[in-house]
Amino acid sequence: MPELPEVEVVRRGLERWVSGRIVADVQVLHPRAVRRHIAGGEDFGARLKGHRIGLAQRRGKYLWLPLSDLGEAGHVPAPPGTAPRPVVAAPEYVQYEGAAPSHDAPHGPTRERTPLRRGRSADSPSAVLAHLGMSGQLLVQPQDAPDEKHLRIRVRFSDALNTELRFVDQRTFGGLSLHEMSPDGLPDVIAHIARDPLDPLFDDDAFHEALRRRRTTVKRALLDQSLISGVGNIYADEALWRARLHYERPTTGFTRPRTAELLGHVRDVMNAALAVGGTSFDSLYVNVNGESGYFDRSLDAYGREGEPCRRCGTLMRRRPWMNRSSYFCPRCQRPPRVTS
DNA sequence: ATGACCACCTGCGAGC
DNA sequence: TGCTCGCAGGTGGTCA
């Protein structure tokens, strides 16, 4: 369910309320909630226990919590040539300044704007990777709060803060998993996920070339996480409406200015959503404190079937598309001449 | 190799 | 009241 802005809101909440704390105990209440971990939920929990949670990171719709070693055995040593250094300050000292987090590639172009050097953590060889799927939530709750109906995983910490981290997921499409970090600072299993459009190192030209190479249509391309990550059904429809592009428009003929304009709209709509806490239609998307975002009030396309286009007044339409829906203005977003 | 589809789940609202 | 159907923010595996 959540797309980049919603996941980023959650990441910020984790950074504020969870990073820096030490895992005391993990309870796995539903086996599907722990993914790709053959040894099972109990082993998953045992491997987290005693580790300090590093700075929450995100790429696209994935987020992860690096685990730092407190000195126990059984960990991959730091990569050669990288001096270990302390990962995190206490939560109170963590600051975050902008809408454009930078994740890795500390040797990349020196355009880093964040004061925090969040990058490859030499002393964090493994990480807990989280994907929220369609209905997942990460909540920081008081320990005595009643269990949510779909509570799947509970993480307790070894401090006196009296809050715990909960993974709640109605449909169980999401989950947590444990992974080694690859040399470029990502959990190994998400190496195929492209940078997201808010990443300062996103390569606009490479994206344009990839669009032209692909024989596909524009909405499929926007949803392809190996080309551009973080875009889902809502923000794809919103960006296409802003760019006046029909979702079935082939990408092959895209000019550089057209790609640039589309990317600009993707970034604008995501930043606008981020500024108001993301999009919530119901209680299924909330931040770590259980609060909804307000961007649903600002949607121009998604969910507006039968309502007037905010640009031209024509009634908006919904079309079944890939087992989901596409919302568009039939006048502003003309279909391509040849639709297969 | 690339592109297109569907299974994986639970719940809710509409219609009968 | 209660059934069935369609629909929901995503992804990976599999098929052509």
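Quick note on labels: first sequence line is chain A, next is B, and so on, each numbered from 1. These numbers were taken from a predicted model, which means no experiment stands behind them.
Distance A:Y327 OH to C:dC7 P: 9 Å, rounded to the nearest Å. As a whole-Å value, the separation of A:K149 NZ from B:dT10 P is 10 Å. What separates CD1 of A:I234 from C1' of C:dG9 is a distance of 5 Å, to the nearest Å.
The residue among A:R214 and A:N323 whose nearest nucleotide of DNA chain B is located toward the 5' end is A:R214.
Put simply, A:H150 has a side-chain N or O that comes within less than 4.0 Å of OP1 or OP2 on B:dG11.
With P as the reference atom, B:dG3 and C:dG9 are 23 Å apart, rounded to whole Å. C:dG10 and B:dG13 have their C1' atoms separated by 22 Å, given to the nearest Å.
Looking only at atom types and distance, the side chain of A:K61 has no donor-acceptor partner in the side chain of A:S229 under 3.5 Å away.
Residue contacts shown for A:Y235 are absent, as no nucleic acid heavy atom lies under 4.0 Å away. Across all strands, A:S325 comes closer than 4.0 Å only to sugar-phosphate atoms, never to a base (heavy-atom distances). A:R213 comes within contact range of no nucleotide atom at all, as no heavy-atom separation falls under 4.0 Å.
Of the options A:E305, A:R304, A:R317, a side-chain contact (heavy atoms from CB on, under 4.5 Å) to A:F328 is made by A:R317 and by none of the others.
Side-chain rings of A:Y247 and A:Y327 stay apart, their centers remaining 6.0 Å or farther from each other.
Base-pair partner of C:dG6: B:dC12 (Watson-Crick or G-U wobble, both distances under 3.5 Å).
A:F173 qualifies as a stacking partner of the C:dG10 base, centre to centre under 5.5 Å and near-parallel within 30°.
Both tests hold for A:R311 against A:W241: distance to the six-membered ring centre under 6.0 Å, angle to the ring axis within 45°.
Interface remark: the A:R324 side chain does not form any donor-acceptor pair with the C:dA8 base, using a distance-only criterion of under 3.5 Å.
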